[in-house]
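Take a look at the structure below.
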Amino acid sequence: SRTYNSLTPFAQEISVDPTKFPNGIMLKDIDLFFSRVSDGTSLKLDPVKVHIRPMYNGSPHPFKVLPFSEVTRTDIGTSDYDSALGEKFEFSTPVYLKPNVSYAICISTNGNYELYYAEEGEQEKLGDVISATAGTQTSTKPLYFGPLHLPLNNGTSTSYDNRFLKMSVNRCSFGDEPSSISSFVK
């Protein structure tokens, strides 16, 4: 039997629209929005790793990672609830995602970081974490986002269908089409 050293990552499930992109997409980068960063003595001690795994039996695959999809950063900053600029995790080479296949955008770290997320149906928040105010819009889950997978200490994860990360998933643009997530995720 084989033994794999795998960690159960924090993960947001996504899929590609097969109608708009019957041949799939080439993923360029992902922007994540941090509400709190690790307060170690040096940010270099607490790197954040983002990678993409295929889904397997309803969870991120325990050890398979898509080629060229691993990015590690140490210089992480925070943003406000309503900020449009997140921390960019750019892939060294575009990462191919097939249509009608579920993938997990996985985030792992040993540091104490917090990401913005929303629950479907809750009131949006504006400002920073300390002095947040309620906005006028209700949070709706993006069309091609699946459950948010939170890791447990026993090597499994719990899925929350009504929660989703605040993130921008950007694809490569070839020609006249726009490159942002709005083209394949609503």
Side-chain angles (χ1 to χ4, degrees), residues 2 4-18 20-38 40 42-56 59-79 83-117 142 144-151 157 164-186:
R2 291 184 175 180
Y4 296 98
N5 182 10
S6 64
L7 297 173
T8 305
F10 182 78
Q12 175 66 62
E13 188 175 333
I14 64 166
S15 61
V16 177
D17 181 352
K20 289 184 181 177
F21 302 99
N23 296 323
I25 64 165
M26 299 298 287
L27 205 57
K28 179 182 176 185
D29 57 52
I30 297 171
D31 295 329
L32 296 175
F33 296 82
F34 290 84
S35 61
R36 181 176 170 206
V37 296
S38 189
S42 169
L43 291 178
K44 297 212 182 293
L45 296 176
D46 299 318
V48 175
K49 181 171 92 170
V50 171
H51 60 280
I52 301 172
R53 297 183 185 189
M55 294 298 292
Y56 176 75
S59 295
H61 198 284
F63 58 87
K64 285 187 180 177
V65 175
L66 295 184
F68 308 108
S69 73
E70 290 186 84
V71 180
T72 301
R73 289 203 37 204
T74 56
D75 55 337
I76 304 296
T78 60
S79 58
S83 176
L85 298 174
E87 293 295 322
K88 187 174 297 294
F89 289 81
E90 188 167 0
F91 304 112
S92 62
T93 288
V95 177
Y96 176 65
L97 300 182
K98 297 177 188 176
N100 276 335
V101 175
S102 292
Y103 296 96
I105 296 173
C106 301
I107 303 141
S108 56
T109 183
N110 286 330
N112 191 11
Y113 292 93
E114 292 180 10
L115 290 162
Y116 287 111
Y117 76 95
Y144 294 100
F145 272 37
L148 183 64
H149 299 269
L150 300 178
S157 65
F164 52 94
L165 285 179
K166 179 179 180 180
M167 65 167 53
S168 295
V169 181
N170 302 302
R171 65 178 177 84
C172 295
S173 176
F174 304 102
D176 297 336
E177 53 194 28
S179 63
S180 76
I181 189 169
S182 61
S183 297
F184 83 100
V185 175
K186 288 186 179 181

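Counting begins at 1 with the first residue of the sequence. Note that this is a predicted model, so its numbers are computed, not measured. Side chains included, hydrogens not; waters and symmetry mates left out as well; all remaining heavy atoms used.
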Worksheet item: Looking at residues at least two apart in the chain, or sitting in another chain, which of them share a side chain to side chain contact (heavy atoms under 4.5 Å, CB included) with K88?
Response: D29, D31, E90, N170
Can you list, pair by pair, the side-chain donor-acceptor contacts under 3.5 Å of residues 62-71, counting residues two or more places apart and other chains?
unit_1	atom_1	unit_2	atom_2	d
S69	OG	I52	N	3.1
S69	OG	I52	O	3.4
S69	OG	L66	O	2.8
E70	OE1	K49	NZ	3.2

Worksheet item: Atom CZ in F10, atom CG in L115: separation rounded to 0.5 Å?
Response: 5.5 Å
Discussion item. When you compare the side chain of R73 with that of P47, does any pair of heavy atoms fall below 4.5 Å?
Written reply: no
Discussion item. Run the side-chain contact (heavy atoms from CB on, under 4.5 Å) test on S108 and H51 for me, step by step, so that the C-alpha distance in whole Å, both residues' side-chain angles and the decisive distance to 0.1 Å come before the verdict.
Written reply: CA-CA 9 Å; S108 56; H51 60 280; 4.2 Å; yes
Worksheet, complete the sentence: Between R171 and F21, the two heavy atoms sitting closest are NE-CZ, 3.4 Å
Fill in: Nearest-0.5 Å distance, CG of residue D75 to CD of residue E87
6.5 Å
Worksheet item: Which heavy atom in P9 sits nearest to a heavy atom in P60, and how many Å separate them?
Response: CG-CB, 4.4 Å
Fill in: Spacing of S35 atom OG and Y117 atom OH [to the nearest 0.5 Å]
10.0 Å
Fill in: Results of side chain to side chain contact (heavy atoms under 4.5 Å, CB included) for L85 - residues two or more places apart only
S83
Fill in: Rounded distance [0.5 Å steps], OG1 in T93 versus NZ in K28
13.5 Å
Worksheet item: Are any of the side-chain heavy atoms of L32 and Y116 separated by less than 4.5 Å?
Response: no
Item to complete: Test Y144 against every option in D17, V16, V169 by the side-chain contact (heavy atoms from CB on, under 4.5 Å) rule and name the one that passes.
Response: D17
Worksheet item: Partners of T109 by side chain to side chain contact (heavy atoms under 4.5 Å, CB included), sequence neighbours excluded?
Response: V48, Y113
Worksheet entry | Side chains of I30 and F91 in contact at under 4.5 Å (non-hydrogen atoms) | yes
Worksheet item: Do any N or O atoms from the side chain of R53 and from the backbone of H61 form a donor-acceptor pair under 3.5 angstrom?
Response: yes
Using residues 100-107 as the side-chain source, report each donor-acceptor pair under 3.5 Å to any protein atom, sequence neighbours left out, with the distance given to one decimal.
unit_1	atom_1	unit_2	atom_2	d
S102	OG	E13	OE2	3.4
Y103	OH	K98	N	2.9

Discussion item. For P94 versus M26, what's the shortest heavy-atom pair and its separation?
Written reply: CB-CE, 3.6 Å
Practice prompt. Please work out which of the three classes, parallel, tilted or perpendicular, describes the rings of F89 and F34, given edges at 30° and 60°.
Written response: tilted
